[in-house]
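For reference, the structure discussed in these notes is given below.
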Amino acid sequence: MEIEMKTGNGHTVDRDMQSLPTNAPKALSEQCQLLGTGDYPAEEILKALPVAVYTTDADGRITFFNEAAVSLWGVRPELGKTEFCGSWKLYWPDGTPLPHDECPMALTLQQRLPVRGYQVLAERPDGTRVAFIPYPTPLFDRTGAFVGAVNLLMDISELKAPEQRNHESGTKFRSLFENVGAAVWERDFLRVVDLLDSLQAEGVKDLRSHLAAHPDVLQEAITRVRILDVNPFAVELFEATRKEELLRSFLPETSAIFLEELVTIWEGGRRFGSDTVVRTLSGRRIDVVFTIVFDGPGCERAYVSILDISKRKVSDRRLEAVDKIAKAIASKNLDHIVQTVTDAATELTGAKFGAFFYNRTDPDGERYTRYTLSGGPRAAFENFQLPRNTAVFDPTFRGLSVVRSADIRADPRYGKSAPYYGIPKGHPPVVSYLAVPVISHSGEVHGGLFFGHDQPDVFTTEAEETVISIATHAAVAIDNAQLFKAAEREVSERLQADRAAQQLAAIVESSEDAILSMDPNGVIASWNAGAVRLYGYTAEEAIGRPVTLLIPEDHLGEEHHILAQIRAGDPVDHFETVRRRKDGTLIPVSLRISPIRDNGGVIIGASKIARDISERKQAEQQKDLLIREMAHRMKNLFTVSSSVVTLSARSASSADELATAVGARLASLARAHALTLPRLGGAETGEGSATLQELLGTLLSPYAGETDQGNRVTIRGCDLSVSRSAITGLALVVHELATNAAKYGALSADSGRLDIECTDRGETLELVWTERGGPAVVKTETEGFGTKLGKLTLEKQFRGEINRIWDPEGLVVRLIVPKDRLQQE
């Protein structure tokens, strides 16, 4: 029998059964005989089928395949060599790799039974995947001997299109996995979940407590984790040379973090994240944000992402260290200051240990060297000579330069000084070395900061710059501490002066007055909070600028005179002038200028105290206004009183009747006058609000009476309430109109009449004041004080308006007032 066979290179050749590979002819011959039907050979039938079919011998080597199988696999297997399946790669439907020796065909060959119910994915070399259902069936010869198996592969790709899209999504995920800028691990926790399930089956309730009591179980869980893959960024971050170094047993998380991952799974969670510190393969510590997401029913997929936040943490630690140093410098305890500085600098540089050697002065003025340590026990240094006289330490203690070495052992100055000629026995090993002098503002070398590490090239340029900055702070701290000690030695003779200076400083700083100092050329040297409030400039904006900044151009001559007096040693007392604020506004001030002398009596500047007298000036203006108003009122009262007497005398028939009429009218006049007085100190002039008609009636009651043509005063029209706060202002306006009418208008004549009509215009009240029967009206070109006062009150307080019509028959005044201003409390 002849069959068509495929060679390894894919060419078709015709061979009879005897020309097959030595390990295949019997099995294939028997298989074909079993499959043959009628006049057609079995091989031809299988080749013609549009469904993928292949056969294997009893050992799993492929002995036949048709072109449909090649199309499905995307690859042509090698007969007699390729085992179990001709596909390039196999996967379970969830994407888990499926080894060829575990595929359904392998199971059929192992069990010699048909295998059904499986779905499998075949991946072609081009990356595409085909979903199929295999139907492997064992084959036996006529004697019942097992000779191999035949497998039919049913392509279900169209049914699996959604899964194909998932695969494409997975491909995109894979690209992201490979290129994302964070370390990513892909792991399998399936066996870990099995362990947790067994613990639950044993009755474990509290996983934390159980693992704390059985640390070996935690270690077993760690060994059960399968690391499937890591991305290139993880290789770089953890300082590996190739991916394989991070596979299998390398877990970057600490035991504590891994415990939290187990608890998350135990409690049914699918995600856990935390900040932590891990070490790279070289042992370097890095700060990371650690997140793990569990996928799959058995957590067979877990994705761990690790983001390096070391730089941020370094910045945070730097800020914390600077804050500690700043707080320590505020202390008066020098030992505390230098210990804080040493600890902070050691941490920031990453040194294994650090030291601060510094000089102190005892109460007798003798200098001696002290030191602080960080990162190592003090006993490790107690027996060693202070390093002032060594060649390596000399540049630092003399303040000549910073010394930073990647390997101090290679420095030509190293090992040149007796008695140790290098590191003393028992001294912590030093390879990386950094030393920074601590130099006073005056140039005096206080000491030095020294740092060491047993690894080379630890200290960076950034670390050097950081320590230089810290050394500057330390120098300031030592300067301050020494000044404090000097002040303590002089406390007996300077205590009173110091207290006075502190009191003066407190007074200056808390003073409401603007207090500044300037040099002999008029340049501002100091600036207190009162000056900020008065002039509007901050201390930073004012200090260093000429004091003429505050002086208007038309007052510059004052400053030349002031400076001349100060240079002569003469103070300037209570000089009132005008100064200019930052916003350009002018403000009246009272100045007091005094010379400032040094200890030798030489004038080195001047102090200026400026007091804002705006309120006083306003008070003076208000006082003048009140005095003028009082004079005006007194004049009006006398005039009106005279008019009242005259008016009453014309109608009185006896002295008693005259006295009664005058008294009643004067009493009414007093009540009307009281309504026009402003409230002082919260006092009230009335008992709450009044109505408009009541108010007008009270104000005009002194002028009530009869004329030949009827009532002298008529009030008609609408009525509305007038609030307590509006009574005084409205009363003042009406009172001024009535006073003028009594002095010059209708109320000054026997036949004179006054008609007031009140009209509600919706949002406004219109009050028309009409005088008739008085002297001829003559328009005046100027306004008297009372007229101005009434107009100002109406316009400013009530936002109203007043119009006068100079009718020859009598004055007509039209008042328009918003109603809400009359009724607003």
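Note that the structure is a prediction, hence the values are computed from the model and not measured.
- A salt bridge links R772 to E809: one of the charged nitrogens lies within less than 4.0 Å of a carboxylate oxygen.
- Between the side chain of S723 and the backbone N or O of L822 there is at least one donor-acceptor pair closer than 3.5 Å.
- Checked by atom type and distance alone, the side chain of T698 pairs as donor or acceptor with a backbone atom of E694 at under 3.5 Å.
- For the atom pair OG1 (T577) and CD (E558), the distance works out to 3.5 Å, reported to the nearest 0.5 Å.
- Taking the side chain as every heavy atom from C-beta outward, L692 and L765 approach each other to under 4.5 Å.
- Checking side-chain atoms of E795 against main-chain N and O of G800 turns up no donor-acceptor pair under 3.5 Å.
- D755 has its side chain out of reach of W769: every pair of non-hydrogen atoms, C-beta onward, lies at least 4.5 Å apart.
- Atom NZ of K779 sits about 11.5 Å away from atom CG of L811, to the nearest 0.5 Å.
- For the side-chain contact (heavy atoms from CB on, under 4.5 Å) criterion with L696, the lone passing option out of V722, L730, I715 is I715.
- Counting only distance, with no hydrogens or angles, the side chain of S469 and the backbone of E465 share no donor-acceptor pair below 3.5 Å.
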### Residue pair V547, V523: steps toward the side-chain contact (heavy atoms from CB on, under 4.5 Å) verdict
CA-CA 6 Å; V547 76; V523 176; over 6 Å; no

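- E541 has its side chain within reach of K582: a pair of non-hydrogen atoms, C-beta onward, lies under 4.5 Å apart.
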### Task
Apply the test side-chain contact (heavy atoms from CB on, under 4.5 Å) to residues L754 and R712: give CA-CA distance (whole Å), side-chain angles for both, the deciding distance (0.1 Å), then the verdict.
CA-CA 6 Å; L754 173 62; R712 179 181 295 277; 6.0 Å; no

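- By the 4.5 Å heavy-atom criterion applied to side chains, D760 and K819 are counted as neighbours.
- In this structure a side-chain-to-backbone donor-acceptor pair under 3.5 Å is missing from S607 to S517.
- With K608 contributing its side chain and I515 its backbone, the two residues share no donor-acceptor pair below 3.5 Å.
- Formation of a donor-acceptor pair under 3.5 Å by the D513 side chain with backbone atoms of A531 is not found in this model.
- Looking at heavy atoms from C-beta onward, L556 lies in side-chain contact with T548 at the 4.5 angstrom threshold.
- In this structure, V812 and V768 have side chains that are in contact, with non-hydrogen atoms separated by less than 4.5 Å.
- Side-chain contact between L550 and Y537 is present, with heavy atoms from C-beta onward closer than 4.5 Å.
- Taking the side chain as every heavy atom from C-beta outward, I587 and L534 approach each other to under 4.5 Å.
- Panel note: side chain Q565, backbone I562; no donor-acceptor pair is recorded below 3.5 Å.
- Shown here are the side chain to side chain donor-acceptor pair (under 3.5 Å) partners of D598, two or more places apart in sequence or in another chain: there are none.
- In this structure, S751 contributes its side chain and G773 its backbone to a donor-acceptor pair below 3.5 Å.
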### Query
Would R567 and I603 count as a side-chain contact (heavy atoms from CB on, under 4.5 Å) if you check the C-alpha gap in whole Å, the side-chain angles of each, and the deciding distance to 0.1 Å?
CA-CA 7 Å; R567 293 188 186 106; I603 296 174; 5.8 Å; no

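- Remark: R761 pairs with E766 by the side chain to side chain donor-acceptor pair (under 3.5 Å) rule, at least two apart or across chains.
- Between S590 and E576, the side chains place no donor N or O within less than 3.5 Å of an acceptor N or O (distance only, hydrogens not considered).
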### Task
Would you check, one step at a time, whether the test side-chain contact (heavy atoms from CB on, under 4.5 Å) holds for E757 with T770?
CA-CA 8 Å; E757 182 180 7; T770 304; over 6 Å; no

